[in-house]
Amino acid sequence: MADRIQLLPDHVANQIAAGEVVQRPASVVKELMENAVDAQASEIKLVVKDGGKTLIQVVDDGIGMSPTDARLSFERHATSKIRSAEDLFQLHTKGFRGEALASIAAIAHVDMQTRPGDEELGTHLRIEGSNVVSQEAAVTPKGTSIAVKNLFYNIPARRNFLKSDKVEFRHITDEFHRVALAHPGISFFFYHNDSELFHLNQNSQRKRIINIFGHKTDEKLVPVQEETQVVKIDGFICKPAFAKKSRGEQFFFVNDRFIKSPYLHHAVQSAFEGLIKPDSYPGYFLYLTVDPTSIDINIHPTKTEIKFDDEHTLYAILRAAVKHSLGQFHLAPMLDFEQDQNLETPYAYQNKEAEVPGIAVNPGFNPFQQETATSYGRSGAYSRQSAKGWENLFVDLESKSSRGEAFSSVHFESEAVSGAIFPPSDEKQLNEGTTFQLRRKYIVTTIRSGMLIIDQQRAHQRVLYEKFLRSMTLKESLSQQLLFPVSLNFSDAEIRVIEDLLDQLRTLGFVIEISKKEEIMITGLPPLVPEKEVRPVLDHLIAEYRQGNESTNLSQSDMLAKALCGSVSVKSGDQLDTHSQLALVNDLFACKESMLSPFNKPIFITLTENEIDKKFN
Ligand code: ADP
Ligand code: MG
């Protein structure tokens with residue numbers, strides 16, 4: 001048999017390697033910025049056009065390269081940062097694989113100008129798809145400028161795979177944040193399509209965080225500091241009151257390198273236990289310094305995951321350090337010496353004589369006035385009576401009973417309940433109010449054939465979802481004007497998401513202006529969104545939007561309707577009076593689809609007389 005194995009030509013090998021290193025424009029941003037950091041720059045400029053698809057340029061004032069180095073830097077496995085395998089265990093630089101520039105040059109047009117501080121003339125080098133097009137001496141400032149144009153121009157499949165400019169831009173912003181947060185001692189500037197987005201001067205860690213995430217962040221931060229033989233921890237956690245429903249501002253840096261670590265995240269999250277709701281995430285900016293020999297960075301081509309020698313110890317130290325900060329800043333629960341004064345009997349009352357309670361008569365009461373079935377609550381939301389203590393008392397019970405034992409034998413019969421679920425006589429029954437609430441979670445009601453158990457949260461989500469969709473499709477925005485406008489602060493990136501959603505938000509009934517940098521002013525809300533929920537609702541929307549953009553191609557209105565109904569709906573644990581229960585049931589069965597929640601979960605189950613009979617056998 002003839003020999004069949006051949007060595008791949010370099011440019012093909014480079015293209016394949018590029019796939020590992022460069023997934024999207026943001027990867028290029030990361031590599032170029034890290035190279036600039038490694039080159040000891042004191043100022044780094046990032047210029048991006050069209051979400052990085054047209055141009056990504058990084059300009060630094062670092063050590064620059066000689067003409068030979070400039071040429072060599074684009075060879076695969078060409079690096080000035082390590083010389084031997086041992087060096088891998090003593091890394092003090094971001095890069096070390098010597099692959100980034102070679103990979104980038106294989107799949108884009110690259111234009112580099114570079115000059116070391118002690119040379120008069122610099123080098124201008126142009127490379128297209130791994131081929132050097134020109135190299136000449138040039139007059140250029142000290143440092144290096146690398147412009148990467150038309151990314152993936154020679155791999156159409158990859159180029160087509162890129163998301164919209166906005167999404168790619170958001171990824172780039174994330175990378176920019178990470179590098180800028182890791183190096184507060186370096187100035188960073190960021191321009192997108194000719195407008196300046198960030199102008200970050202050299203600063204302290206704290207100021208850097210605030211400059212990126214907005215001045216309101218200042219009041220949220222609590223310092224964390226700990227030094228042991230294994231690790232030095234520095235940085236900030238956000239106060240529990242500012243924990244969010246979505247993951248967002250959570251950053252770990254190990255030896256000034258941003259990393260992702262679900263394990264360490266868990267350590268922080270567990271330190272917050274009891275201080276934040278179980279489904280919310282604390283923000284943090286934590287800088288860990290460890291002995292470089294105790295970590296292995298080499299396990300991921302893009303190097304956001306690292307392996308620690310002694311993860312367990314690190315976990316314990318981190319958790320303790322965060323707990324300590326929470327305690328030190330009086331954020332952890334403790335004996336309450338500042339009890340709510342309203343609950344105590346004022347001293348002056350001790351000597352007061354008892355009074356006969358007065359009886360208040362409502363002269364306007366008209367027993368013949370009928371209330372309509374849908375007049376629940378002022379804002380149109382089902383009146384919610386929050387029951388704080390309840391949640392904790394019953395978590396156990398709740399988790400055991402919910403779809404666990406009690407109803408485990410009840411299955412969801414789609415056949416049986418489709419069609420006319422409320423024949424006329426049953427409907428009458430419903431309107432008469434034969435509903436009750438089970439564990440503030442389910443609404444139970446009878447129908448002719450037996451009983452119906454409705455998940456209140458899912459039911460309300462469905463009702464709201466259809467309402468929101470309707471007002472967006474019909475553009476029939478109903479808005480409730482606020483007595484006092486509400487102003488809210490958001491970071492730059494968040495404001496941009498709100499801008500993207502502005503039109504849709506308006507059709508929903510939000511009256512929003514972007515009043516200043518990092519601030520929006522709200523003067524009107526959809527009738528279904530209570531004022532105190534605006535902040536969480538918008539936070540939730542922003543988070544969903546960011547995620548949604550990545551994972552699905554859902555239409556914007558669908559995403560908005562889902563996110564909104566998810567956050568403003570009645571929840572399990574909310575008490576509903578009979579009136580609201582009834583209204584909700586009626587509204588549910590007026591929906592186009594009443595069996596499945598917008599998130600495709602069953603809304604109710606039936607328990608027929610037959611099935612009940614069987615249980616008594
Ligand atoms: P790595 O960073 O892993 O060494 P790269 O492909 O990113 O590999 O870069 C190759 C080499 O090019 C680096 O080791 C460095 O010597 C040089 N280099 C890259 N970018 C710069 C820069 N902005 N300033 C100075 N030297 C640079
Ligand atoms: Mg590099």
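Order of listing sets the numbers, starting from 1, for every ligand and every atom in it.
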Under 3.5 Å donor-acceptor pairs involving side-chain atoms of residues 67-77, not counting sequence neighbours:
unit_1: R71; atom_1: NH2; unit_2: E75; atom_2: OE2; d: 3.4
unit_1: S73; atom_1: OG; unit_2: A70; atom_2: O; d: 2.8
unit_1: R76; atom_1: NE; unit_2: N14; atom_2: OD1; d: 2.6

(request) Examine ligand 1 and decide if any of its atoms is less than 4.0 Å from a heavy atom belonging to G98. (result)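 Right, G98 reaches ligand 1.
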(request) Using distance alone, with no hydrogens and no angle criterion, decide if Q57 and S145 have a side-chain donor and acceptor under 3.5 Å apart. (result)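 Yes, a side-chain donor-acceptor pair sits under 3.5 Å.
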(message) When you compare the side chains of H266 and Y315, does any donor N or O come within less than 3.5 Å of an acceptor on the partner?
(response)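 Note: H266 and Y315 side chains meet the donor-acceptor criterion.
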Under 4.0 Å from ligand 1, counting heavy atoms only, is it the side chain of [X], its backbone, both or neither?
X    : answer
A39  : side chain
T114 : neither
T79  : both

Ligand 1 and [X], any nitrogen or oxygen pair closer than 3.5 angstrom?
X    : answer
E31  : no
D60  : yes
I146 : no

(message) Restricting to salt bridge (charged side-chain N to carboxylate O under 4.0 Å, His left out), what partner residues turn up for E519, sequence neighbours left out?
(response)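 Salt bridge (charged side-chain N to carboxylate O under 4.0 Å, His left out) check on E519 returns K516.
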(message) Checking ring pair (Phe, Tyr, Trp, His ring centres under 6.0 Å) between F198 and each of Y191, F188, F176, which is the one that passes?
(response)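 Checked Y191, F188, F176 against F198; only one passes ring pair (Phe, Tyr, Trp, His ring centres under 6.0 Å): F176.
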(message) I need the single residue from V59, V58, T173 that forms a side chain to side chain contact (heavy atoms under 4.5 Å, CB included) with L46. Which is it?
(response)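 In the set V59, V58, T173, the residue that makes a side chain to side chain contact (heavy atoms under 4.5 Å, CB included) with L46 is V58.
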(request) Show which atoms of ligand 1 fall inside a sub-4.0 Å distance from at least one heavy-atom site of A100. (result)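 Answer for ligand 1: 6 (O), 7 (O).
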(message) Within 2.8 Å of the Mg ion (ligand 2), is there any N, O or S atom belonging to N35?
(response)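 Short answer: yes, at least one N, O or S atom is under the cut-off.
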(message) So Q250 and Y284, do their side chains get closer than 4.5 Å, heavy atoms only?
(response)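 Yes, side chains in contact.
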